[in-house]
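Proteins get letters first, then strands, A, B, ... in listed order; numbering begins at 1 in each. Hydrogens, waters and symmetry mates play no part in the numbers below; they use all other heavy atoms, side chains included.
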Number of protein chains: 2
Amino acid sequence: MSDGGQAGSAGRVTLRDVAIRAGVAVSTASLVFSGNRPVATSTADRVRAAAVELGYGGPDPMASSLRYGRSGVIAAVVERRILHAFRDPYVVSVLDGLSQVIGEMGCGLLLLPDATEGHGDPGPQVSRIAADAAVFMLCGDENNELATQFAARGVPIVGTGAPRGAGIVQVTADERAASRSLAELLRDLGHRKVGHVTMPLRWGGATGACTIAQVRASHFPDSRDRALGVRDVFPTAALVEAGEPDFDSGHAAAGLLLDARDRPTAIVAQSDLLAAGVVQAAVDRGLRVPEDLSVTGYDGVQLPWFGRSLTTIDQHPLDKGRTVGETVRALLAGEDVSDVTVPVTLRVGDTTGPAPASGAHRLTVDPAD
Amino acid sequence: MSDGGQAGSAGRVTLRDVAIRAGVAVSTASLVFSGNRPVATSTADRVRAAAVELGYGGPDPMASSLRYGRSGVIAAVVERRILHAFRDPYVVSVLDGLSQVIGEMGCGLLLLPDATEGHGDPGPQVSRIAADAAVFMLCGDENNELATQFAARGVPIVGTGAPRGAGIVQVTADERAASRSLAELLRDLGHRKVGHVTMPLRWGGATGACTIAQVRASHFPDSRDRALGVRDVFPTAALVEAGEPDFDSGHAAAGLLLDARDRPTAIVAQSDLLAAGVVQAAVDRGLRVPEDLSVTGYDGVQLPWFGRSLTTIDQHPLDKGRTVGETVRALLAGEDVSDVTVPVTLRVGDTTGPAPASGAHRLTVDPAD
DNA sequence: CGATTCGATCGAATCGATTCGACGCATGTG
DNA sequence: CACATGCGTCGAATCGATTCGATCGAATCG
């Protein structure tokens with residue numbers, strides 16, 4: 001039932017075989033499948049019948065692509081391994097929005113893990129794969145070998161902040177202002193002693209205290225701008241860098257802040273996932289959120305297992321992904337495209353509250369427990 | 001600096017332009033880039049220099065693919081939207097393993113969300129995209145239009161259980177036996193009253209009680225076999241179908257079981273994510289795990305935010321993905337490939353324990369005891 | 001009835017790179 | 001000095017489909 005036709009004797013069956021069988025020219029047969037010009041119904045039926053008889057599965061996409069100049073593939077470059085990149089629901093949401101739009105365009109999404117971590121040779125493989133456009137997500141700012149290769153081949157590139165480069169269209173938000181608005185919220189709630197958990201600032205970093213100089217030197221524009229936004233309001237906020245953008249690192253980073261002598265009354269985390277880890281670290285130490293500690297996140301993703309509603313910056317990641325997709329579409333349509341700034345929303349949840357009265361602040365927890 | 005060369009006048013710069021500039025034949029220039037036959041060093045240098053001068057980005061992958069017969073793209077068909085599919089870390093882990101192997105092969109991974117939900121036309125887009133092989137993950141068993149299209153084009157297909165079909169190589173585990181071993185563990189711990197939370201059994205289903213007949217009729221082989229494994233040991237276990245394979249559905253499904261008159265002493269969930277939701281539902285109701293309720297999962301994924309160690313079947317999803325990748329590699333190499341059964345491991349965590357003394361839950365006793 | 005128009009079909013060129021047999025030139029041998 | 005060897009390069013054919021101008025036949029109109 002599923003084995004009609006025979007792909008037997010010599011190679012695969014091509015359009016030419018179908019045309020011969022139907023007694024028409026190859027060009028006519030082509031028109032039947034592409035529909036680019038009218039064909040008499042009787043002829044079309046004969047061609048389709050021949051195709052079925054021979055088990056022809058439609059025009060070969062490779063040949064089609066060559067002629068048409070488009071492969072129908074959009075490459076999405078994600079950081080490191082898929083497992084790492086997709087641990088963060090923010091990345092997944094953006095990709096989802098992106099995939100929706102390019103899906104409507106009849107294109108597919110090619111996942112390209114950038115394992116080079118900002119340096120080194122991505123290998124020859126990339127040059128072998130056709131892509132109509134490339135999207136870079138959460139990459140380092142520095143020269144990216146992959147981006148260079150795509151650019152050399154004339155493939156249009158869209159980035160969400162990085163890598164920067166001539167001809168790379170950016171879809172970004174004003175991260176610094178957004179981050180600042182979170183800090184202002186905390187300040188208005190009376191917080192004066194604030195800790196800040198940053199996203200990774202470099203490749204292969206470990207979780208630990210860092211300085212504002214290191215922030216400034218970071219190759220990751222998002223991490224940098226968010227930290228600077230906090231600094232605008234709290235110039236002396238304690239800084240801890242998360243080694244990975246995940247729950248465990250947020251948990252560990254918060255531990256460093258909470259176990260310090262001068263425990264903060266609020267912690268600003270640079271992503272919702274980190275913030276969830278921060279909240280857990282607080283709970284582990286018997287601290288109540290937000291009574292004893294206020295926590296903010298960033299991204300606005302859904303964490304169903306996280307039973308709280310984070311105070312956060314909602315980046316509307318799905319919409320952001322769609323915007324990236326629309327940008328790709330415009331680029332492929334040959335339209336003039338300039339950088340896009342997407343709006344973000346400050347969303348107040350139940351993880352922030354007034355700073356504890358300084359008296360109550362004296363409550364300490366046995367760190368050994 | 002980044003705009004060397006000129007792609008100006010007439011179209012893109014091709015290998016022919018480079019060859020002319022270097023004063024060699026096109027075929028020779030081709031050899032310089034492919035390295036398939038030796039070229040004199042001086043000639044090669046001259047060609048490379050010409051390439052740089054003209055801003056030639058290397059051979060066009062579309063033309064290359066056509067000639068070579070390979071696109072370097074492996075399609076991975078995932079269920080529904082990316083957002084849904086990737087909510088489950090199991091899918092992400094398998095894809096990660098897969099991407100590692102095909103990355104080593106110099107191939108890329110094309111994500112193809114199958115939005116048809118088991119029926120309907122996936123649209124013409126797919127036929128436009130070249131793929132050397134297709135991998136189906138967690139799909140329905142029934143005739144899949146996408147699979148049919150790939151098969152018609154002679155694209156080799158690897159599935160992890162579904163869809164079934166002639167010529168589709170399967171990488172599966174003995175789900176029924178694995179599931180049975182979990183149930184046996186619970187039985188040996190003294191549990192007699194057991195609830196079972198299944199993965200979705202159909203498209204668009206909602207969370208709610210279901211019957212063994214519905215399980216048997218399910219198009220999802222995994223859900224079916226796991227449920228049958230439990231039934232082998234507990235023929236009368238209460239069945240609840242999760243509408244989605246996610247935390248919230250596990251939470252809701254467990255609610256139905258725990259709030260019933262005959263509360264079970266153990267719940268078998270068909271995935272770790274569901275199990276995490278089940279544990280949360282227990283905690284919400286003041287039940288201790290495992291003292292009051294034992295919970296088991298399935299998959300063996302990492303859930304960093306889940307502070308417990310689940311008793312589960314470890315599918316070694318990363319290895320499974322790698323195995324799928326190796327299978328793809330073998331198929332492309334033209335080797336004879338047969339179905340693969342991957343090993344799984346029963347891993348005992350801290351979510352299972354002895355059944356509470358019958359006095360503690362004097363409610364009812366399973367007549368099948 | 002001859003000229004015009006229009007729709008359907010055809011042939012040939014094209015997309016850009018790769019492969020394969022052939023050829024030229026230089027070296028080494030009898 | 002004639003001849004075999006071999007490396008390096010070249011030209012032409014090929015991968016499979018699409019496009020575009022040309023052609024052919026039938027229908028329309030004066």
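Between D:dT9, C:dC10, C:dA8, one nucleotide has an atom nearer to the side chain of A:T28 than all others, and that is C:dC10. Taking every side-chain heavy atom of A:L66 into account, D:dG16 is the closest of D:dG16, C:dA17, D:dG8. For A:P38, taking side-chain heavy atoms from C-beta onward, the closest of the listed nucleotides C:dG16, C:dA8, D:dA17 is C:dA8. The nucleotide whose nearest atom lies closest to any side-chain atom of B:R67 is, among C:dC10, D:dT19, D:dA13, D:dA13.
Residue whose closest nucleotide on DNA chain D sits further toward the 5' end, between A:A63 and B:R37: B:R37.
Here the shortest heavy-atom pairing between A:P113 and B:S99 reads CG-OG, 4.1 Å. Nearest heavy-atom pair, A:R153 versus B:P61, reported as atom, atom and distance to 0.1 Å: NH1-CG, 3.6 Å. When all heavy atoms of A:V158 and A:V324 are compared, the closest pair comes out as CG1-CG1, 4.0 Å.
Within 4.0 Å (heavy atoms only), B:V39 reaches sugar-phosphate atoms of the nucleic acid but no base atom. Residue contacts for B:S27: at a heavy-atom cut-off of 4.0 Å it reaches a base atom on one of the strands shown. Among the atoms of the strands shown, base atoms are found under 4.0 Å from some heavy atom of A:S30.
For B:R70 and C:dT18, the CZ to C1' distance is 16 Å, given to the nearest whole Å. As a whole-Å value, the separation of A:R46 CZ from C:dT9 C1' is 11 Å. Atom CG in B:L31 sits roughly 11 Å away from atom C1' in C:dC20 (whole-Å rounding). In this entry the distance linking CZ of A:R16 with P of D:dA13 reads 14 Å, nearest Å. Atom-to-atom, OH of B:Y68 to C1' of D:dT14 comes out at 16 Å; the value is rounded to the nearest Å. The CG atom of B:D45 sits 14 Å away from the P atom of D:dG8 (whole-angstrom rounding).
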Can you check salt bridge (Lys or Arg N to Asp or Glu O under 4.0 Å) on B:D319 and B:R322, steps first, answer last?
CA-CA 5 Å; B:D319 291 334; B:R322 297 192 66 96; 5.5 Å; no
Taking Watson-Crick (N1-N3 plus N6-O4 or O6-N4) and G-U wobble (N1-O2, O6-N3), each under 3.5 Å, can you produce the dot-bracket string of DNA chain D? Use [ ] for crossing pairs and | for inter-strand ones.
|||.||||||||||||||||||||||||||
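The shortest side-chain heavy-atom distance between A:V169 and A:P156 does not fall under the 4.5 Å cut-off.
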